[in-house]
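Inspection log for the structure reproduced underneath, given as structure tokens.
Each chain gets a letter, A, B and so on, in the order the sequences are listed, and its residues count up from 1. Basis for what follows: all heavy atoms, side chains included, without hydrogens, waters or symmetry-related copies.
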Number of protein chains: 2
Amino acid sequence: MPRRGRVKKEGPESGEDSDEYRKRRDRNNLAVKRSRVKSKQKTQETVNRVSELRNENTVLEEKVKTLTKELGFLKELFLAHASNNVDASKFEGVNFQKLFEDNSSAGTSNDNINNTS
Amino acid sequence: MPRRGRVKKEGPESGEDSDEYRKRRDRNNLAVKRSRVKSKQKTQETVNRVSELRNENTVLEEKVKTLTKELGFLKELFLAHASNNVDASKFEGVNFQKLFEDNSSAGTSNDNINNTS
DNA sequence: TTTAATTGCGCAATAT
DNA sequence: GATATTGCGCAATTAA
């Protein structure tokens with residue numbers, strides 16, 4: 001990136017008579033203001049975006065927690081029932097072992113159902 | 001917030017001899033640079049934070065999706081079994097109706113178990 | 001080429 | 001008193 005900024009402090013070097021020069025300076029100064037306002041807005045929006053995302057994140061984490069609990073509850077229910085007096089045939093070959101393994105990252109593939117009959 | 005920035009273009013007004021003045025100016029210019037570097041770093045970190053949060057968010061959303069599917073699968077399993085030929089007594093008073101209502105936002109309160117026997 | 005937008009830099013007022 | 005921030009203007013560069 002090439003050099004920028006003032007190096008010398010000469011007078012209106014880029015221009016002609018002070019008249020046109022000033023017009024150009026004034027216009028540029030306005031452009032600079034616009035640009036800086038825009039820049040600050042963007043920064044602020046980014047900061048706000050962080051807040052939004054943190055909120056969404058919290059909600060999602062709670063949701064995961066809740067779902068995990070529900071799932072755990074159902075699994076316990078199943079297992080309790082199964083270990084006590086299961087009539088496994090009624091579930092038509094559902095492989096509970098596999099179903100209740102740690103499959104947090106698994107989809108709902110029907111690998112859990114093997115027609116063992 | 002009060003006025004800032006140059007208003008006049010006088011010479012070393014805040015100071016004394018050009019010597020001490022320049023020293024002060026130079027030190028301030030360095031401070032300005034440090035301050036602006038820091039500012040840009042902070043902005044960049046905020047931008048990065050947004051990326052991180054978006055990633056976490058995606059992961060969490062997938063997790064919710066997976067868990068929801070698993071839960072749905074178990075519920076269907078339950079219901080299918082229940083509607084076909086349930087021997088509900090084996091579940092010792094579990095209220096399937098309530099259990100399978102939309103309780104995404106509910107905890108794992110044992111309200112689902114009512115000793116109806 | 002002309003004009004607007006960005007950006008590095010310095011000044012001075014102000015904030016800490 | 002010294003450093004840190006910040007509004008503002010200048011000029012160089014870049015983008016339209």
| field | Side chain R36(A) and base dG8(C) donor-acceptor under 3.5 Å | value |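 Yes.
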
For [X], side chain to side chain donor-acceptor pair (under 3.5 Å) partners two or more places apart:
X	result
N57(A)	none
R54(A)	none
E56(B)	none
E61(B)	none

| Nearest-angstrom distance from the residue atom CZ of R25(B) to P of dA2(D) |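 Answer to the nearest Å: 14 Å.
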
| message | Tell me the interatomic distance from N29(B), atom CG, to dT3(D), atom P, rounded to whole angstroms. | response |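 Rounding to the nearest Å, CG of N29(B) and P of dT3(D) are 13 Å apart.
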
Output side-chain donor-acceptor pairs under 3.5 Å for residues 30-41 of chain B, partner residues at least two apart or in another chain, one line each.
none

| query | Going by heavy atoms closer than 4.0 Å, what residues in residues 40-50 of chain B are next to DNA chain C? | reply |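 Only K40(B) qualify.
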
| said: According to side-chain contact (heavy atoms from CB on, under 4.5 Å), who are the partners of E62(A), at least two apart in sequence or on a separate chain? | reply: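 Per chain and number, E62(A) pairs via side-chain contact (heavy atoms from CB on, under 4.5 Å) with T58(A).
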
| query | Can you name the side-chain contact (heavy atoms from CB on, under 4.5 Å) partners of K23(B), sequence neighbours left out? | reply |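 side-chain contact (heavy atoms from CB on, under 4.5 Å) check on K23(B) returns D19(B), E20(B), R27(B).
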
| message | Side-chain N or O of R22(A) versus OP1/OP2 of dG9(D): is the shortest distance under 4.0 Å? | response |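 No, because none of the side-chain N or O atoms of R22(A) sits under 4.0 Å from OP1 or OP2 of dG9(D).
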
| request: Would you sketch DNA chain C in dot-bracket for me? Only Watson-Crick or G-U wobble pairs with both distances under 3.5 Å count, crossing pairs as [ ], other-strand pairs as |, the rest as dots. | output: .|||||||||||||||

| field | Validation row: T68(B), V64(B) side chains within 4.5 angstrom (heavy atoms) | value |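 They are in contact (side-chain heavy atoms under 4.5 Å apart), so the answer is yes.
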
| field | Transitive ILVMFWY cluster of V50(A), excluding itself - 4.5 Å side-chain cut-off | value |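 L53(A), V50(B), L53(B), all in the cluster of V50(A).
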
| said: Which residues pass the salt bridge (Lys or Arg N to Asp or Glu O under 4.0 Å) test with E52(B), not counting sequence neighbours? | reply: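 By the salt bridge (Lys or Arg N to Asp or Glu O under 4.0 Å) rule, E52(B) matches R49(B).
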
Show me the protein contacts with nucleotides 3-5 of chain C, counting only N or O atoms at under 3.5 Å.
from	atom 1	to	atom 2	distance (Å)
dA4(C)	OP2	R27(A)	NH1	3.2
dA5(C)	OP2	R34(A)	NE	3.0
dA5(C)	OP2	R34(A)	NH2	2.3

